[in-house]
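One structure below.
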2 protein chains.
Amino acid sequence: MRSASDVTARARIRDAALARFGAEGVAGTSVRAVAADAGVSPALVLHHFRSKEGLRQACDEHVLDAIRSGGGADTSALGDVLRAATPVRRYLGRALLDGTEGASALFAEIVERTQEWLATGEAEGWARPTADARARAVTYVSWLLAPLVLGDQVGRLLGGDPADTATAVRGARAGLEMLTGGLFADDRWLTAFTAVDEQGSSR
Amino acid sequence: MRSASDVTARARIRDAALARFGAEGVAGTSVRAVAADAGVSPALVLHHFRSKEGLRQACDEHVLDAIRSGGGADTSALGDVLRAATPVRRYLGRALLDGTEGASALFAEIVERTQEWLATGEAEGWARPTADARARAVTYVSWLLAPLVLGDQVGRLLGGDPADTATAVRGARAGLEMLTGGLFADDRWLTAFTAVDEQGSSR
DNA sequence: GACGGGGCTGAACGTCTGTTCAATACTCTG
DNA sequence: CAGAGTATTGAACAGACGTTCAGCCCCGTC
């Protein structure tokens with residue numbers, strides 16, 4: 001076994017599957033289509049990965065390894081996700097929505113790391129205190145991942161090319177702006193929401 | 001034609017399709033499964049809607065009507081989305097990811113409304129000014145929709161029941177908190193990002 | 001009571017699916 | 001050079017798929 005090094009057929013198949021799975025979903029992708037993209041026969045796909053499900057698992061593991069090997073640097077997971085190649089992003093978005101085992105684990109992991117990171121920030125004074133650290137971390141991560149899942153929609157409205165890095169950067173800057181200065185100048189919406197919530201919970 | 005009033009078979013089929021499409025994707029759902037859920041024969045599904053694609057379009061229109069009829073009240077689209085029933089949310093999330101014609105239109109529409117709403121807020125003083133109003137509106141909407149698409153992940157980490165309203169409320173409050181007070185107390189991340197961006201754009 | 005039409009069905013169709021299997025081509029070990 | 005083992009293939013399978021069609025049933029109209 002020569003592991004995963006070059007453009008071995010196994011790797012070509014995995015990459016083709018990654019792209020197809022991300023673009024059209026796992027259920028919407030046939031083994032034959034993946035094989036055609038990789039330039040091999042359908043039988044070879046099943047030879048290398050035991051089944052279609054095995055192929056999906058292999059994609060999961062590959063994406064997870066690729067992202068995790070980026071290392072949790074100072075900017076937390078933000079950079080990891082933004083730096084990931086487009087097919088990987090698309091695949092990850094769909095895996096998160098499908099509730100894939102690997103994707104779910106990754107999500108939980110990122111939330112955990114983020115919560116610790118924010119706790120540190122709170123102690124060091126650069127992050128504001130919160131009443132519900134868990135909810136804040138979860139929501140923050142979901143925001144971070146939103147342009148990943150909704151990338152096509154965001155890209156379409158922000159500029160012609162959804163794959164263009166400049167587009168993603170423009171959105172990310174606007175996001176950081178909101179998180180730094182805040183979006184709302186007073187707490188009218190927060191109090192309004194609290195009112196609606198208490199009224200609604202009596203239903 | 002008695003239109004759509006009660007639990008007519010047509011409506012039952014549409015609702016069953018909505019739930020299935022949302023849970024397992026359009027490609028992952030068979031006409032036979034929808035028919036079984038609705039308690040009718042597969043042939044009837046094709047009789048009422050011309051094809052599987054026609055069924056998908058009918059779901060699109062129904063969801064859009066349901067959401068739009070909520071009316072754009074003062075809290076913008078936030079309430080509309082949160083109030084939508086769980087199957088509708090799930091369906092909408094997947095439709096947005098798939099880039100459905102209807103879902104894309106809805107997204108653009110919400111962004112437009114939100115941008116105007118934020119411009120008003122800017123004029124009235126309760127929304128902070130921004131350098132890129134468009135990017136801010138798009139990002140804000142994608143954040144609003146994030147828990148919708150990632151609902152399962154968020155729910156799982158925030159409490160046992162993803163369908164529970166209390167869970168969604170908890171996340172929404174944490175979000176509003178971040179948007180009101182801001183998350184970061186100083187602009188270290190904003191400047192850091194700018195630095196990385198300028199360095200990265202020279203690649 | 002005859003009749004027409006739409007809701008509804010069972011059975012069938014051709015096609016595509018994931019998967020299996022025997023056989024071939026290739027590559028390294030002895 | 002013989003042989004073992006892996007990469008790779010074409011052909012075939014059974015089942016599920018979307019879709020079609022002829023026909024039944026029920027209801028309101030003349």
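Below, read A as the first sequence line, B as the second, and so on, with proteins coming before strands; counting in each chain starts at 1.
- By the 4.0 Å N-to-carboxylate-O rule, Arg136(A) lies close enough to Glu122(A) to be salt-bridged with it.
- Counting to the nearest Å, the P atom of dG18(C) and the CZ atom of Arg56(A) are 14 Å from each other.
- Atom P of nucleotide dT9(D) and atom NE2 of His48(A) are separated by 9 Å, given to the nearest angstrom.
- With rounding to whole Å, Ile13(A) atom CD1 is found 15 Å from dG18(C) atom C1'.
- Across dT8(D), dG18(D), dC8(C), the shortest atom-to-atom separation from the side chain of Ala9(A) is found for dT8(D).
- For the pair Arg10(B) CZ and dC8(C) P, the interatomic distance rounds to 12 Å; values are reported in whole Å.
- Judged by distance alone, the side chain of Thr100(B) and the main-chain N or O of Ala103(B) form no donor-acceptor pair under 3.5 Å.
- One atom, CG of Leu46(B), and another, C1' of dT19(D), lie 6 Å apart when rounded to the nearest Å.
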N/O-N/O pairs, protein side and nucleotides 9-13 of chain C side, under 3.5 Å:
unit_1 : atom_1 : unit_2   : atom_2 : d
dT9(C) : OP2    : Ser41(B) : N      : 2.9
dT9(C) : OP2    : Ser41(B) : OG     : 3.2

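- Whole-Å rounding puts the Phe49(B) CZ to dT19(D) C1' distance at 16 Å.
- Look at Arg56(A) and Asp98(A) and you find no salt bridge, because none of the NZ, NE, NH1 or NH2 atoms lies under 4.0 Å from a carboxylate O.
- For the 3.5 Å distance criterion, the side chains of Arg173(A) and Thr194(B) qualify, holding a donor opposite an acceptor.
- When side chains are defined from C-beta on, Tyr140(A) does not count as touching Val111(A), because their heavy atoms never get closer than 4.5 Å.
- Residues forming a side-chain hydrogen bond (donor to acceptor under 3.5 Å, both in side chains) with Ser104(B) (at least two apart in sequence, or on another chain): Gln153(A).
- Taking every heavy atom of residues 18-31 of chain A and every atom of DNA chain D, no pair lies under 4.0 Å.
- Remark: P of dG18(C) and CD of Glu53(A) are 12 Å apart, rounded to the nearest angstrom.
- For His62(B), the side-chain hydrogen bond (donor to acceptor under 3.5 Å, both in side chains) partners are Arg14(B), not counting sequence neighbours.
- Under the rule for a side-chain hydrogen bond (donor to acceptor under 3.5 Å, both in side chains), Asp15(A) has no partner lying at least two apart in sequence or in another chain.
- Applying the salt bridge (charged side-chain N to carboxylate O under 4.0 Å, His left out) rule to Arg134(A) yields the partners Glu112(A); only residues at least two apart in sequence or on another chain are considered.
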